[in-house]
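Below: the structure, in C-alpha cells.
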Amino acid sequence: MLSTLLSTTPERLAEWMAERGFPRFHARQVFRWVFDRRAEDFGQMSDLPKALRGALAEEWKVFGSKIAHHSVAPDGTDKLLLECADGKRVECVLMAVEDRRTVCISTQVGCGMGCVFCASGLKGVERNLSKAEILEQVIRARNLLPIEERLTNLVVMGMGESLANLDNLIAALDWICSKDGLGFGQRRVTISTVGLPEKMRKLAGLDRQYHLAVSLHAAREEVRNELVPINERVGLSAVMDAADAYFQKTGRQVTFEYVMLRGINDGPEDSQALGRLLAKRKAHANLIPYNPVAGLPYERPSPEAIRDFVETVERYGVSVTVRKTKGREIDAACGQLRRRVEAIAPAGS
Ligand code: SAH
C-alpha cells in the first residue's frame, strides 16, 4: 500500500530520497508543492526530476483520503466528506464570512463524549484521526479556495473530542503553523473541547498560542450533567479551574461555547448562572443557537429568547456573541452530512 506524504515529515522524506540516491533538498520542494502550489499528485511537480517523480509515485501518494462528497450551500459554504483509507468518513467545512476564510476540521471518527444534542456522538467514537488525516482536511479545504485567497482561520469544531486526540492534533497543527507548512498563525487556530481538565492543562503546558474554546452549554451543574454526560465525572468547577489555568499560562482568553436549546438551558436562571460564572473571569461567551439534528427532539430558542439571554449575560459585564449558522442547507452543521450520506450510501458500498 502507498504511504501518505502527510504522515511523514520533511526530514524523513529527505532521508528516503537520500537512500535512493536523490538529493535531499527535493523533499522540501515536494512539500512546497503541496502546501503552496496545491499539488495533489506528483505528476504536477514539474521541477522535480522525472525519475524522482516516478519513484515517489511508486511508494507515496499525496493524500490518503478521497473526497466522498462535496456540497456547496447557497451561502457559499463548502462541505467535504472525506473517506479515509479504511473507509471511515469524516467531514470538514470551509466557510467564507467577510474577509475570513475559515476551515472547520474533525479529530475523530465519531465522538465518545455523548453530548445529548450532538449528531457526532450518536454512535460513539470509532477511532482517532491520524496527523495526516487531520492535515488533509485543512489542505483539501484550502484547495477549494480561489487561487488568490488564503485560509485565515482554523477551528477544531468538527467531529470528535479534540483533546481526546491531543497528540495527533498538535502534530498536525504545529505543522500547519510552521514555515514548513502553511505558515499559519497559532493565534488564528481555535481548539474546541468538551472540557477535559487534564488535557486542557497539558495543552496549556505545551507553550503554544492556540485559542481554546470550552463547550460549557450550562452554568448549572445539574443542567450540564444532563446535556454533557461526561460532566458527571468531571464537574463544572474542575472545568473552570482548568480554563483559568489555561488563561494564566498562555495569556489567551478562553471562549465558552453555549449551545442554546429551547426550554432546556435558555431561561433566566440559566443566563444569570452563566453571567455569574463568567463575571469574575476574563472570558468570552459564544452562544450557538441549536442546529436541528434529524431524530433528536431539541429546538433552537426564539430570537426574542436569545436576545433576552444575551442581555442578561451582558448585564454581568461579560462579552457575548451569537454564532451565525452557516451551511445549514447542506447539513454543514455538526456531524449531520455524514449521517445523511451514510443513510443513502453506506461506507464501503
Ligand atoms: N468535542 C468538541 C468539539 C466538537 S463540537 C467540543 O465539544 O467542543 C463543536 C461545537 O459544536 C461544540 O460546542 C458542540 O457542543 C457544538 N454542537 C454540537 N452539535 C450541535 C448542534 N446540533 N447545534 C449547535 N451546536 C452543536
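In each ligand, atom 1 is the first atom listed, and ligand 1 is the first ligand listed.
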*For the side chain of R276 and the backbone of S271, is there at least one donor-acceptor N/O pair under 3.5 Å apart?*
no
*Sidechain-backbone polar pair: S7 side chain, T4 backbone, donor-acceptor under 3.5 Å*: yes
*For Q137, enumerate each residue passing the side-chain hydrogen bond (donor to acceptor under 3.5 Å, both in side chains) test, keeping only those at least two apart in sequence or located in another chain.*
none
Which of the numbered atoms in ligand 1 are below 4.0 angstrom from a heavy atom of [X]?
| X | value |
| --- | --- |
| V293 | 22 (N) |
| V194 | 6 (C), 7 (O), 8 (O) |
| C118 | 18 (C), 19 (N) |
| G158 | 4 (C), 5 (S) |
| G160 | 1 (N), 2 (C), 3 (C), 4 (C) |
| S215 | 6 (C), 7 (O), 8 (O), 12 (C), 13 (O) |

Would you say [X] touches ligand 1, if touching means a heavy atom closer than 4.0 Å?
| X | answer |
| --- | --- |
| A119 | no |
| M113 | no |
| A213 | no |
| M159 | no |

Lys/Arg N to Asp/Glu carboxylate O, [X] vs [Y], below 4.0 Å:
| X | Y | answer |
| --- | --- | --- |
| R208 | D174 | yes |
| R300 | D266 | no |
| E133 | R127 | yes |

_Which atom of L182 lies closest to which atom of R150, heavy atoms considered_ = O-NH2, 4.3 Å
*What is the minimum heavy-atom distance between E126 and K88, and which atoms define it?*
OE1-NZ, 2.7 Å
_Sole candidate of R224, E257, E161 that passes side chain to side chain donor-acceptor pair (under 3.5 Å) when paired with S215_ = E257
Any N or O on [X] sitting closer than 3.5 Å to an N or O of ligand 1?
| X | answer |
| --- | --- |
| Y290 | no |
| P289 | no |
| S192 | yes |

At under 4.0 Å between heavy atoms, which part of [X] makes contact with ligand 1: side chain, backbone, both or neither?
| X | result |
| --- | --- |
| T193 | backbone |
| N291 | both |
| M157 | both |

*Qualifying ring pair (Phe, Tyr, Trp, His ring centres under 6.0 Å) pairs with a residue from residues 155-199, counting only residues at least two apart or across chains*: F31-W175, F35-W175
